[in-house]
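Take a look at the structure set out below.
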2 protein chains.
Amino acid sequence: MPSPRLLLVEDDLSLAELLQYRFEAEGYRVISTPDGDEALLLAEEQAPDLVILDWMVEGTSGIEICRRLRRGKGTAHVPIVMLTARDAEEDRIRGLETGADDYLTKPFSPRELIARVGAVLRRVRPALAGEMLEVGDIRLDATSHRATRRGQSLQLGPTEFRLLKFFMEHPGRVFSRVQLLDAVWGTGSDIELRTVDVHIRRLRKGLTIENSTDPVRTVRSAGYAFEAV
Amino acid sequence: MPSPRLLLVEDDLSLAELLQYRFEAEGYRVISTPDGDEALLLAEEQAPDLVILDWMVEGTSGIEICRRLRRGKGTAHVPIVMLTARDAEEDRIRGLETGADDYLTKPFSPRELIARVGAVLRRVRPALAGEMLEVGDIRLDATSHRATRRGQSLQLGPTEFRLLKFFMEHPGRVFSRVQLLDAVWGTGSDIELRTVDVHIRRLRKGLTIENSTDPVRTVRSAGYAFEAV
DNA sequence: CGCAATTGTCATAAGGCGGTAACGTTGCGC
DNA sequence: GCGCAACGTTACCGCCTTATGACAATTGCG
């Protein structure tokens, strides 16, 4: 199972260290910063799987970071868990309405934070939590690195597998070639856009079994989408 | 936008009534039961979009319901928000690890519950939480790049789709050809004004299904407007 | 090292889509 | 009812987007 990558934004250094230690013990990789502005940069560059965000940090406030992450192109869908020292209901609601996925009040136990992060990730990125993805008659098990269709095992190259996994994590949504390159090949990969077409074709070929329809929909001038048939 | 359907499992009847009232005021449809076993049946039959579950209810306990929902074929992916009177950390963690998506301790404010339910739904079913345009019997989902009318999917070219999207973002307003060119084709596009007519025609054609009226209104010497029928 | 699998790129084919012009139709003032 | 102006409709052609197959470079592995 791939270890999920967290971005931890917390200016209380002893707490940050403790959390980093605990999360790493749970098999997460942790990027940590006490600074709000740097957090935005890191979120963009590193594309973490989840952000843990203190309400009050240096530089830019937590809620402002939350808003900017949601507005940012590459970070709009990163799940966010907010932490705060204040137990004001207003704050909690504002946090959630700004787009946070969960919200904890200090003092909290690391175990609960870990449980909540796990719950959010299970929901958003099932593959990261070791769960089986299922869309239509296609199944993908990230842990054993296997994909099947109607029980029949599919033969896919590494890139096709990653592409399929990404699609199955976001069924129905249309992704541009650039988005696919960022998500599947990695941000900043200097790859020809048209290469995506080729891999889409290879994926389609790999997904074909007897009497099967094509789950990959071409959306002209927009990109591709994956959906149950 | 179709209103999300909630299954509320709560045996404190006055609280259940209050919550039902508040959620309905927010545009949700609510199915309510105080009984654990009945909840399982309802979840299966009604396929709600989200379940709000009290930890301690009659019949079968909340955590057991949670577990069974997760195991059930049709209900394995229903998001679950748990409520509990006890603020024991152990319970919260067990709840989250059992598969709940969120967890609230009584007493809580209805507003916070509503905010959390909204956050979970946004995450799980983006289509239920906006991002979906709806005018009359026509729906447009930008995320999946789909347009439907009375459930029937519409076939539109890229430009028609952009045009429809723009219209649906500003229903009822009249736009001149120049305005439409700027908005849909982009400012500075050097396109013949009358070309708009042709695309209006193509859009009208694409929006036609059996017994449908034309949602595009021609305003002589002014432009076009889009409105519910 | 040799072989097979994989991957990124390109050239070419296929096809849809868009812009334009030309012509038909409708509405409006007189 | 006439004439003009605005709008509707159609057909066409060129272009842009996508599909596909081939190929060389690279990688992994025995």
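Everything numeric here is computed off the predicted structure, so don't read it as measured data. Letters A, B, ... are given to chains in the order of the sequence lines, protein chains preceding strands, and every chain is numbered from 1.
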Which part of the nucleic acid, if any, lies within reach of B/Val219 when heavy atoms closer than 4.0 Å are counted: base, sugar-phosphate only, or nothing? sugar-phosphate
Please state how far atom CD1 in B/Ile200 lies from atom P in C/dG18, giving the value in whole angstrom units. 13 Å
Please determine, by modelled atom types, if B/Arg204 and B/Thr218 share a side-chain donor-acceptor pair under 3.5 angstrom. yes
Pull out every protein N or O sitting under 3.5 Å from an N or O of nucleotides 2-11 of chain C, one pair per line with the distance.
residue: C/dT7; atom: OP1; partner: A/Pro158; partner atom: N; Å: 3.4
residue: C/dT7; atom: OP1; partner: A/Thr159; partner atom: N; Å: 2.7
residue: C/dT7; atom: OP1; partner: A/Thr159; partner atom: OG1; Å: 2.6
residue: C/dT7; atom: O5'; partner: A/Thr159; partner atom: OG1; Å: 3.1
residue: C/dG8; atom: OP1; partner: A/Trp185; partner atom: NE1; Å: 3.2
residue: C/dG8; atom: OP2; partner: A/Trp185; partner atom: NE1; Å: 3.3
residue: C/dG8; atom: OP2; partner: A/His199; partner atom: NE2; Å: 2.7
residue: C/dG8; atom: N7; partner: A/Arg202; partner atom: NH1; Å: 3.4
residue: C/dG8; atom: O6; partner: A/Arg202; partner atom: NH2; Å: 2.6
residue: C/dT9; atom: OP2; partner: A/Glu192; partner atom: N; Å: 2.8
residue: C/dT9; atom: OP2; partner: A/Thr195; partner atom: OG1; Å: 2.7

Minimum side-chain heavy-atom gap A/Arg202-A/Val198 below 4.5 Å: yes
May I ask you to say whether A/Arg150 pairs ionically with A/Asp137, meaning some side-chain N is under 4.0 Å from a carboxylate O? yes
Quick one: pull up CG in A/Leu133 and CZ in A/Arg139 and give me the separation to the nearest 0.5 Å. 11.0 Å
Taking the basic N atoms (NZ, or NE/NH1/NH2) and the acidic carboxylate oxygens, is any pair closer than 4.0 Å for A/Arg116 and A/Glu112? yes
Taking atom P of D/dA19 as reference, at what distance in whole Å does atom NZ of A/Lys205 sit? 14 Å
Could I get a table of every N or O pair under 3.5 Å where one atom is in the protein and the other is in nucleotides 28-30 of chain C?
none

Is the phosphate of D/dT18 approached by A/Arg177 (side-chain N or O, under 4.0 Å from OP1 or OP2)? yes
Looking at A/Arg68 and A/Glu64, is any side-chain nitrogen of the basic one under 4.0 Å from a carboxylate oxygen of the acidic one? yes
Between B/Asp101 and A/Arg122, does any side-chain N to carboxylate O distance fall below 4.0 Å? no
Check the phosphate of D/dG8 against B/Thr218, side-chain N and O only, distance under 4.0 Å to OP1 or OP2. Yes or no? yes
Could you state the atom-to-atom distance from CG of B/Asp197 to C1' of C/dT25 in whole Å? 13 Å
Where does the angle between the aromatic ring planes of B/Phe161 and B/His145 fall among parallel (under 30°), tilted (30 to 60°) and perpendicular (over 60°)? parallel
Base, sugar-phosphate alone, or nothing: which one does A/Tyr224 contact when heavy atoms must sit under 4.0 Å apart? sugar-phosphate
Mutual orientation of the aromatic rings belonging to B/Phe167 and B/Phe226 [parallel < 30°, tilted 30-60°, perpendicular > 60°]: parallel
Between CG of B/Leu180 and C1' of D/dC7 the distance, given in whole Å, is 14 Å
Length of the CZ-C1' vector between A/Arg217 and D/dT18, whole Å: 16 Å
